[in-house]
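Order of the sequence lines fixes the chain letters, A, B, ..., with proteins taken first and strands second; residue numbering starts at 1 for each chain.
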Protein chains: 2
Amino acid sequence: MWIPIQINENSAEPLYHQIEVQLRSLILSGQVEEGTLLPSIREFANDLKCSVITVRRVYQDLESEGLLRTKQGTGTFVAKVGSDERDRHRRTAVVEAMESAVDVGMQVQCTKEDLKAIFKEVLDAKYKG
Amino acid sequence: MWIPIQINENSAEPLYHQIEVQLRSLILSGQVEEGTLLPSIREFANDLKCSVITVRRVYQDLESEGLLRTKQGTGTFVAKVGSDERDRHRRTAVVEAMESAVDVGMQVQCTKEDLKAIFKEVLDAKYKG
DNA sequence: TATACTGTGTATAAAGATATATACAGTATA
DNA sequence: TATACTGTATATATCTTTATACACAGTATA
């Protein structure tokens with residue numbers, strides 16, 4: 001099972017947190033289905049170029065949120081997620097990210113039109129595929 | 001001298017880093033002019049509800065970038081910033097923030113139209129004043 | 001059905017980064 | 001020269017990340 005996680009080396013955000021946010025997002029958005037056996041902590045750590053313990057912390061945190069179930073000797077599985085929780089997540093994750101982007105713009109004295117232009121530019125570049 | 005810095009308690013981004021990013025932004029965007037005497041580390045720490053040491057680290061880091069000059073017993077001043085460096089900063093700061101917002105959207109399987117709607121909504125809310 | 005092997009998660013200890021309180025030293029100015 | 005303001009240095013606690021060694025579960029096979 002290959003899990004697409006993007007690590008940003010330059011970010012000040014802790015590694016375990018970057019992984020958590022993205023894995024949570026994958027589960028809550030339904031891209032990784034209920035019952036899926038996730039990669040072992042060793043395999044995942046190797047993929048992400050980080051320590052086994054860091055992956056373990058992520059699995060542990062998400063398990064305590066009820067998003068994962070782990071069984072020693074067997075592996076870590078994706079638990080069932082309510083569809084309402086799923087919908088709520090999708091929207092709030094994006095809204096929050098967008099808000100912080102607009103905040104940065106305002107802080108640097110961008111006009112509404114400046115931001116519209118930059119948004120369109122970025123959007124077209126990312127969705128050109 | 002009052003410096004508008006927004007601290008996000010819930011963010012995993014280290015405190016000193018949040019302050020650095022925003023103060024750097026204020027200097028490079030020209031909102032805090034060359035020669036300005038910044039608040040003392042104690043006053044600033046009190047405003048931000050953080051430790052003196054955290055503010056000192058921010059001043060120290062920005063001084064080593066050449067953005068500040070500090071003189072013991074007197075205070076910390078904003079240094080001169082080249083206008084080209086100023087222009088470059090404004091744009092890249094916003095573009096990077098916008099890119100990461102769009103990334104979050106893509107990760108949660110938003111369509112281009114979904115993102116446009118959310119962006120417009122957030123933009124209108126923030127610029128309603 | 002023993003037994004060994006390979007896979008899984010677990011526990012402990014240590015190093016680095018981050019944040020704090022407290023005591024120290026330089027500078028302005030009444 | 002007092003005094004009240006500046007920045008500075010030291011020691012401490014917590015968080016983040018890692019390395020290493022260990023214990024448990026599944027599977028092949030003698």
Tell me: [atom1] of [X] to [atom2] of [N], nearest whole Å?
X       : N      : atom1 : atom2 : value
A:Phe44 : C:dG7  : CZ    : C1'   : 18 Å
A:Ile53 : C:dG16 : CD1   : P     : 18 Å
A:Glu20 : D:dT17 : CD    : C1'   : 14 Å
B:Leu37 : D:dC5  : CG    : P     : 15 Å
B:Ile41 : C:dT22 : CD1   : C1'   : 13 Å
A:Ile19 : D:dT16 : CD1   : P     : 13 Å

How do A:Gln72 and A:Ser51 order along DNA chain D: which one's closest nucleotide is nearer the 5' end?
->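 It is A:Ser51 whose nearest nucleotide is closer to the 5' end.
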Between B:Leu38 and A:Pro14, who's closer to the 5' end of DNA chain D by nearest nucleotide?
->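 Looking at DNA chain D, the more 5' nearest nucleotide goes with B:Leu38.
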OP1 or OP2 of [N] less than 4.0 angstrom from a side-chain nitrogen or oxygen of [X], does that happen here?
X       : N      : value
B:Ser40 : D:dT6  : yes
A:Thr54 : D:dT18 : yes
A:Arg57 : D:dT18 : no
A:Thr76 : C:dT8  : no
A:Thr74 : C:dG9  : no
A:Arg56 : D:dT17 : no

Taking all heavy atoms of A:Gln22 and all of B:Gln107, pick out the closest pair and write down the distance.
->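 A:Gln22 and B:Gln107 have their closest heavy atoms at OE1-NE2, 3.2 Å.
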With both distances under 3.5 angstrom, what nucleotide forms a Watson-Crick or G-U wobble pair with D:dA30?
-> C:dT1
B:Thr70 backbone acceptor or donor facing B:Glu63 side chain under 3.5 Å |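 Indeed, once roles are kept as given, a pair shorter than 3.5 Å links the two residues.
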Examine distances only and state if a side-chain atom of B:Thr36 and a backbone atom of B:Leu38 form a donor-acceptor pair shorter than 3.5 Å.
->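 Such a contact is absent between B:Thr36 side chain and B:Leu38 backbone.
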[X] side chain: which of [options] is closest?
X       : options                : result
B:Leu15 : C:dA19, D:dA9, D:dG7   : C:dA19
B:Tyr16 : C:dT18, C:dG9, D:dG7   : C:dT18
B:Cys50 : C:dT20, D:dT20, D:dT16 : C:dT20

Indicate, yes or no, whether a donor-acceptor pair under 3.5 Å links the base of D:dG7 to the side chain of B:Arg42.
-> yes
Given that B:Val52 and A:Pro39 both sit by DNA chain C, which one's nearest nucleotide is further toward the 5' end?
->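 So the residue in question is A:Pro39.
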Scan side-chain atoms only and decide if B:Thr111 and B:Asp114 contain a donor-acceptor pair under the 3.5 Å cut-off.
->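 Looking only at side-chain atoms, B:Asp114 and B:Thr111 do form a donor-acceptor pair, the distance falling under 3.5 Å.
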salt_bridge(B:Asp124, A:Lys112) N-O dist < 4.0 Å =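 Salt bridge between B:Asp124 and A:Lys112, a charged N being under 4.0 Å from a carboxylate O: yes.
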